[in-house]
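Computed from a predicted model, the values in this text were never measured in an experiment.
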Amino acid sequence: MKRLSRVLPAAVFFLMVIAGMAAGILQKDKTYSSAENRTLQLFPKFTVKRVLNGKFQKKYETYLSDQFPLRDSWVKLQTATERVFGKTESNGVYFGKDGYLLEKYTEEDIDNKIADKNIKVLGKFVKEASKVSDVKVMMVPSKTFTLGNYLPAFAETYNENIFYNKLGKKLPENVLIDIYGILSQHADENIFYRTDHHWTTQGAWYGYSAYNAACGIDGGVAEAKKELKKVSDDFLGTTFSKINMYSQKDEISIYEPENKMEVVYNMGEKTENTFYQTKFLKKKDKYSVFFGGNQAVLEITGGVKNNKTLFVVKDSFANCIIPFLAEDYEKVVVADMRHLNVGMTMLLRNYKPTDVLVLYNTIQFMQDREFALKL
């Protein structure tokens, strides 16, 4: 009996491994995880060069993790186990105060070569665009860096001031908006979702106010747009999906402009009279209520007739600030380079904007391997 009690756990573990391997062989690889709201790694391309430089092994390790049978359940079990043992993080997520889930970013997560190259290219772009347009740059800090007071004790995180200092040296004076300083003053407010990496519409409103101030626009313009409408109270975002464990759900609010606006998607793909795709409020990816998610190009008209065009180069953080900006210009053109094969210089020549806003999240900007190439 004693011998059986020693052997049984090992036997059960062995059978579980065998079952997992069998399920992995039989199951078809998945391309997308709805729980984690991201594309999964497929079997990487095998070449001798990729093996020698280590790229194949790295991709293959990610592939095994992403395609592991019943992955979502295992992630949930892993999180629960680590919480029981008192750990303050799981799967790259810190368990913060007041129910905040904060993604873990360290210096090892930042490829300085990519970050420095993106900064250098952005600097050149701004100097060139400034010859014909009024250019501003807004780099929204991560939730983790902004809400440092919510982190557990001794939590390690990347100091994004390093990035801001580098960027500031490459940009002309009065181009970079100090949005970190503004958001830090309101860190006790609902400026970031608890379960998602994006800022909330309230956080975006502070960004909009900071943009107006940087452009010399009276603060009353922003104040007039302060009233928001709640459209959901059961949002669980990307950070939640990394741990797949019960969390306090978030609210999503929107700003509805007074004027009738027209939004043309992707060079005429479709035309809408709203910024919001409410069907997504019934789906997992509720943040896509803003314009149905990231689009290659949006052309928005219906704002004040002032012969001004704003051109926005952005990532997903801009999606909830665009409705505030749209009323202030005769036309707003929004371009997401991640979904475009056309350079920004060509688009600038086409639209001839009076104003340009580059709006990215700091971490996403530093990790974007295609930014420099496409800009």
Side-chain angles (χ1 to χ4, degrees), residues 94 96-103 105 136-151 157 160-161 163-164 176-215 217 219 221-233 235-240 247-257 275-276 285-291 293-294 312 314-328 334 357-365:
Y94 285 122
K97 301 171 186 176
D98 198 22
Y100 276 92
L101 303 176
L102 305 133
E103 293 189 329
Y105 301 115
K136 300 297 179 187
V137 172
M138 185 184 297
M139 290 288 169
V140 184
S142 70
K143 175 173 68 174
T144 308
F145 185 60
T146 310
L147 305 184
N149 290 337
Y150 289 84
L151 285 167
T157 187
E160 292 172 34
N161 280 321
F163 164 74
Y164 283 122
L176 183 61
I177 299 173
D178 181 20
I179 186 59
Y180 170 66
I182 300 297
L183 292 177
S184 296
Q185 297 174 19
H186 301 277
D188 58 342
E189 299 178 32
N190 183 34
I191 57 174
F192 284 93
Y193 295 109
R194 281 179 169 81
T195 68
D196 193 81
H197 67 289
H198 291 104
W199 58 356
T200 63
T201 305
Q202 183 175 340
W205 181 84
Y206 283 116
Y208 169 67
S209 300
Y211 173 76
N212 281 353
C215 293
I217 299 173
V221 175
E223 285 294 327
K225 302 179 183 182
K226 203 169 184 178
E227 189 166 337
L228 307 179
K229 176 184 176 183
K230 184 174 73 174
V231 293
S232 175
D233 59 4
F235 175 44
L236 291 171
T238 54
T239 320
F240 160 81
S247 303
Q248 183 177 338
K249 295 180 179 180
D250 282 302
E251 294 182 358
I252 294 180
S253 297
I254 62 174
Y255 169 71
E256 293 186 323
F275 301 137
Y276 308 107
D285 184 19
K286 290 179 173 57
Y287 188 75
S288 287
V289 66
F290 301 99
F291 300 102
N294 295 312
V312 182
K314 48 77 77 176
D315 67 5
S316 58
F317 270 69
N319 293 359
C320 56
I321 199 176
I322 298 301
F324 294 121
L325 294 165
E327 290 180 304
D328 301 341
V334 184
L357 172 62
V358 180
L359 195 157
Y360 267 74
N361 165 248
T362 53
I363 299 298
Q364 292 180 174
F365 177 83

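By the 4.5 Å heavy-atom criterion applied to side chains, F275 and P257 are counted as neighbours. You'll find the side chain of N212 reaches within 4.5 Å of the side chain of D328, heavy atoms only.
By the side chain to side chain contact (heavy atoms under 4.5 Å, CB included) test, V289 pairs with I252, Y276, L281, sequence neighbours left out. By the ring pair (Phe, Tyr, Trp, His ring centres under 6.0 Å) test, Y287 is found to be paired with H198, F290, residues two or more places apart in sequence or in another chain being considered. Listed by chain and number, the residues in a ring pair (Phe, Tyr, Trp, His ring centres under 6.0 Å) with Y105 amount to none (sequence neighbours excluded). Take F163 and apply the ring pair (Phe, Tyr, Trp, His ring centres under 6.0 Å) test, not counting sequence neighbours, and it matches F365. Residues passing the salt bridge (charged side-chain N to carboxylate O under 4.0 Å, His left out) test with K286: none are found, sequence neighbours excluded. Applying the side-chain hydrogen bond (donor to acceptor under 3.5 Å, both in side chains) rule to T200 yields no partners; only residues at least two apart in sequence or on another chain are considered. E189 meets the side chain to side chain contact (heavy atoms under 4.5 Å, CB included) test with H186, I191, Q202, Y206; sequence neighbours excluded. In terms of the side chain to side chain contact (heavy atoms under 4.5 Å, CB included) criterion, N149 has no residue partners (sequence neighbours excluded). In this view, D315 and Q364 satisfy the side-chain hydrogen bond (donor to acceptor under 3.5 Å, both in side chains) rule, not counting sequence neighbours. With sequence neighbours excluded, the residues satisfying side-chain hydrogen bond (donor to acceptor under 3.5 Å, both in side chains) with T362 are E160. Residues satisfying the side-chain hydrogen bond (donor to acceptor under 3.5 Å, both in side chains) criterion with S253, sequence neighbours excluded, are absent altogether.
A side-chain N or O of Y208 and one of K225 form a donor-acceptor pair less than 3.5 Å apart. Side chains of D285 and S288: a donor-acceptor N/O pair is present below 3.5 angstrom, by distance only.
In terms of modelled atom types and a separation under 3.5 Å, the side chain of T195 and the main chain of T239 share no donor-acceptor contact. Checking side-chain atoms of W205 against main-chain N and O of A222 turns up a donor-acceptor pair under 3.5 Å.
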Exercise. Does the side chain to side chain contact (heavy atoms under 4.5 Å, CB included) test come out yes or no for Y211 and K136, once each step is laid out?
Worked result: CA-CA 8 Å; Y211 173 76; K136 300 297 179 187; 3.9 Å; yes
For this session: Check the pair L101 / Y94 against side chain to side chain contact (heavy atoms under 4.5 Å, CB included), numbers first and verdict last.
Result: CA-CA 6 Å; L101 303 176; Y94 285 122; over 6 Å; no
Exercise. L357 and K314: side chain to side chain contact (heavy atoms under 4.5 Å, CB included), yes or no, with the steps?
Worked result: CA-CA 8 Å; L357 172 62; K314 48 77 77 176; over 6 Å; no
Exercise. Taking it one step at a time, do F192 and L147 satisfy side chain to side chain contact (heavy atoms under 4.5 Å, CB included)?
Worked result: CA-CA 9 Å; F192 284 93; L147 305 184; 4.2 Å; yes
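Classified by interplanar angle (parallel below 30°, tilted 30° to 60°, perpendicular above 60°), the ring pair F145/Y180 is parallel.
The two residues M139 and Y164 have their closest heavy-atom pair at O-OH, 2.6 Å. When all heavy atoms are compared, the tightest approach of R194 to D250 is N-OD1, 2.9 Å. Looking at every heavy atom in both residues, A210 comes nearest to I182 through CB-CG1, 4.1 Å. When all heavy atoms of D188 and Q185 are compared, the closest pair comes out as OD1-O, 4.5 Å. Contact record, P323 with F291: CD-CE1, 4.2 Å, taken as the closest heavy-atom pair. Residues F317 and V140 come closest through the heavy atom pair CD2-CG1, 3.8 Å.
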Scan the side chains in residues 226-233 for donor-acceptor partners under 3.5 Å anywhere in the protein, sequence neighbours excluded, and list what turns up.
residue: S232; atom: OG; partner: D234; partner atom: N; Å: 3.4
residue: S232; atom: OG; partner: D234; partner atom: OD1; Å: 2.9

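To the nearest 0.5 Å, the span separating CZ on F324 from OG1 on T201 amounts to 6.0 Å. Distance check: N361 CG to M138 CE gives 13.0 Å after rounding to the nearest 0.5 Å. Atoms OH and CG, from Y255 and L325 in turn, are 11.0 Å apart once rounded to the nearest 0.5 Å.
Using a 4.0 Å cut-off between charged nitrogen and carboxylate oxygen, K143 and D196 do not count as a salt-bridge pair.
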